[in-house]
Amino acid sequence: MTSANRPEGGEVRRALTDLAVDGFGELAALPDAKSFTPTQIRDWVFAKGARSFDEMTNLSKPLRAALAASWTVRSGTLEKRHASKDGTVGLLTRLHDGHVIESVSIPEGDRHTLCISSQVGCAVACAFCASGLDGVIRNLSSGEIVEQVLVARELSEQPLTNYVFMGSGEPTHNWKAVEASIATLTHPDGLGIGARRITVSTIGHPAALRKMVETEIPFNVALSVHVGDDAEREALMPGLGTSDLAATLAAARERFDATGRRLTAEVVVLAGVNDTDRHARLLADVVAGHPCAVNLIPWNPVDGLDFTPPAPARIDAMVEILTRAGVTTTVRRPRGQDVGVACGQLRRRELRG
Ligand code: SAH
């Protein structure tokens, strides 16, 4: 296949977005390069968001030609932009090997949140989620993650304020690349985004959370809890393996102690599955005593999946039970449903053609 990274018959070219902020040194070996060339190129790629070598006007033409022979600036190509009436925008990117991923930007008052994918598909296959319906296809590289932010920044009228790893994929299954992407996003010589503006949402495996304790970057963590009972949770999240919510919350606590960063327990609420008073009390018991707020997320319908969003009265009842138990509880409003950009729908439609 011909693509930005693989001209017909040629070698695969690496994307500059995949380099770490301190990894541009190797470019000093290019013909016509000066000692400051790597810094200049890094600034073009991350700070100035250049899309082509032609934009890099402070580099000599021979140097730009040498760069272009073995590198591309970015590796993916924006294919479609779907704007919803409520301001939500779905961005569909074609990766160099033909796969597609989506990112979604969600304006809400002063906030403008970008929902980022970390894998093509997902191995966890949560019963209610569109991303895992075809399993996991591959991990995204750090550059492919960073590019989602670069592209969304370019296209957004309202500046982005928050970044959530809540698109396709389980971030802890691709932790090396996700961690590297967060390092680039937050580095002052990268995209310069405050770590506190980034949230990694995860199925919350105790061992994976421990790895996050080792990361010094103080991003936020959201745990996909969904239900306070281990057996019921395993049934909803087949790829999780064994659920051990007590150990998960304990590991999350360790991370909170290390970073002081807020923890959120996410609960996708499904009518008749986890929206009863009993479920609300179970949740309250599990998070009690932990520095953890609960975010109730009414299910976004996914074609072909046989669940129903909860009745508003059930959400109200759950909020009341949790709040009475002393648990800070918020409810997420569904967004982007009119053009089907809510929760992985855009990519699925694209795959079906
Ligand atoms: N794999 C990670 C991150 C991606 S999903 C995780 O599971 O946390 C981000 C959040 O969106 C998770 O809480 C997930 O359960 C939720 N989600 C997935 N499909 C959904 C849907 N159809 N409606 C509402 N929330 C959904």
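Ligands are counted one by one from 1 in listed order, and the atoms in each one are counted from 1 as well. Every heavy atom of this structure was used, including side-chain atoms; hydrogens, water molecules and symmetry mates were not. Starting from 1, each residue takes its place in the sequence as its number.
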Close aromatic pair by centroid cut-off 6.0 Å: H290 and F256: no
Could you tell me, atom by atom, which parts of ligand 1 come under 4.0 Å of a heavy atom of G167? 4 (C)
Which ligand 1 atoms are under 4.0 Å away from a heavy-atom of C129? 18 (C), 19 (N)
Can you see whether S118 engages N174 through a side-chain donor-acceptor pair at a distance of less than 3.5 angstrom? no
Region of M166 that comes within reach of ligand 1 [heavy atoms, distance under 4.0 Å]: both
With a cutoff of 4.0 Å, is T202 in contact with ligand 1, counting heavy atoms of the residue only? yes
Those atoms of ligand 1 less than 4.0 Å from some heavy atom in V268: 15 (O), 16 (C), 17 (N), 24 (C), 25 (N), 26 (C)
Of all heavy-atom pairs between L263 and A252, which one has the smallest distance, and what is that distance? CD1-O, 3.5 Å
Decide whether a cation-pi geometry holds between R255 and F219; the criteria are a distance under 6.0 Å from NZ or CZ to the six-membered ring centre and an angle within 45° of the ring axis. yes
Judged by atom type as modelled, is there a donor-acceptor pair below 3.5 Å linking the side chain of T93 to the main-chain atoms of T77? no
Would you please determine whether H226 falls within less than 4.0 Å of ligand 1 on a heavy-atom basis? yes
Against heavy atoms of G169, which atoms of ligand 1 measure under 4.0 Å? 1 (N), 2 (C), 3 (C), 4 (C)
Could you tell me, atom by atom, which parts of ligand 1 come under 4.0 Å of a heavy atom of V302? 22 (N)
Proximal ligand 1 atoms for S224, defined as those under 4.0 Å from one of its heavy atoms: 6 (C), 7 (O), 8 (O), 12 (C), 13 (O)
Rounded to the nearest 0.5 Å, the CD1 atom of I145 sits from the CD atom of Q119 at a distance of 9.0 Å
In ligand 1, the atoms that come under 4.0 Å of a heavy atom of W299 are 21 (C), 22 (N), 23 (N)
Salt bridge (Lys or Arg N to Asp or Glu O under 4.0 Å) between R333 and E108: does it pass, once the steps are laid out? CA-CA 10 Å; R333 260 193 313 138; E108 201 163 27; 3.2 Å; yes
Within a strict 4.5 Å, meaning less than it, do heavy atoms of the V319 and D316 side chains meet? no
Heavy atom under 4.0 Å from ligand 1: found in F165's side chain, backbone, both, or neither? backbone
Can S168 be said to touch ligand 1, with heavy atoms closer than 4.0 Å? no
